[in-house]
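Encoded as structure tokens, the structure appears first; notes follow it.
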Amino acid sequence: MLIPDDFHALIIGSTGSLGCAFADQLRQDRRCKSLTELSRSSHPGFDLRDPEAFDAVVQTLAAPAALSLIIDASGTLVIDGHRPEKALRELEARRLQQAMDINAIGPMLLIKALFPLLLQRGKVLYVKLSARVGSIQDNQTGGWYGYRASKAALNMMLQCLALEWQRTNPQAQVLALQPGTVRSRLSRDFVQPSMHALSPEESVRRCLAAIDQRTPKPGAQFIDYQGMAIPW
Ligand SMILES: NC(=O)c1ccc[n+]([C@@H]2O[C@H](COP(=O)([O-])OP(=O)(O)OC[C@H]3O[C@@H](n4cnc5c(N)ncnc54)[C@H](OP(=O)(O)O)[C@@H]3O)[C@@H](O)[C@H]2O)c1
């Protein structure tokens, strides 16, 4: 049971397919005491490529109490209209940097800025949407250099965060979450109608059930929507 009782939640990236489904389903959870949404179009809003603005955004965030459940469902796959790289010859510094900024560096600097708003003692859970393709061990096909690398970098920083945080709050938990292959804005150019894929609602229903069934562990956990551990 990783989800705290009587939680105050923050959903980051709540305009996304999965972020919106997380917000909808958590709002109906009897344990949810408040739910705050943060996105590029919320007020205040934020852009992951502009970390210098994060402190100001956090200062105007109206959360009624210390946050004990934070779900960050932001992320990107297509950068500036370019599909993910399939081959070395397609690599471009600017696009690789943007994948890092949006999928790894931005989210970590945002949770850094948010840290004073989090519950300091007791059960608190930070879930960041990652991706199975960020697993180095699981990579059997190659390709998608920037997206894979940014999720692998994210995973490493989530592990660092969990280990550091648990020194001051042993009940803090960090999850890197793989939602499955989901029909969404991010995946629409890659998931054909004939392919098996989850709806955002089904993915989130299964993710929340999987999270609830996990037990706390030292360090971060990298799991999928079925609650199965993924090798880092
Ligand atoms: N869909 C899948 O099959 C799948 C599989 C594995 C992992 N994931 C991961 O799940 C997460 C959510 O994906 P999704 O399918 O729900 O994608 P989505 O519908 O495209 O949602 C992405 C979210 O990220 C936000 N975002 C993108 N760039 C941003 C930026 N520069 N600054 C601030 N916010 C930004 C979007 O905001 P706007 O609404 O303003 O654009 C939106 O809220 C991602 O981390 C993705 O890597 C998805």
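Atoms considered below: every heavy atom in the structure, side chains included; atoms not considered: hydrogens, waters and symmetry mates. Whatever order the structure lists them in is the order used to number ligands and atoms, beginning at 1.
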Within one Ile-Leu-Val-Met-Phe-Trp-Tyr cluster: I211 and W165, side-chain cutoff 4.5 Å: no

Distance under 4.0 Å to a non-hydrogen atom of [X]: what atoms of ligand 1 satisfy this?
| X | value |
| --- | --- |
| T181 | 3 (O) |
| V182 | 1 (N), 2 (C), 3 (O) |
| L129 | 10 (O), 11 (C), 45 (O) |
| K151 | 44 (C), 45 (O), 46 (C), 47 (O) |
| P179 | 4 (C), 5 (C), 6 (C), 7 (C), 8 (N), 48 (C) |
| S130 | 7 (C), 8 (N), 9 (C) |
| Q178 | 6 (C) |

Heavy-atom proximity to atom 5 (C) of ligand 1, best of S187, S74, G180: G180

Nearest candidate to atom 46 (C) of ligand 1, where distance is taken over non-hydrogen atoms, out of Y147, Y225, F190, F46: Y147

Residues which pass salt bridge (charged side-chain N to carboxylate O under 4.0 Å, His left out) with R132, listed by chain and number, not counting sequence neighbours: D224

Between [X] and [Y], does any side-chain N to carboxylate O distance fall below 4.0 Å?
| X | Y | result |
| --- | --- | --- |
| D6 | R31 | no |
| R206 | E201 | no |
| D47 | R40 | yes |
| D72 | K128 | yes |

N or O contact, R40 vs ligand 1, cut-off under 3.5 Å: yes

Part of A73 with heavy atoms under 4.0 Å of ligand 1, whether side chain, backbone, both or neither: backbone

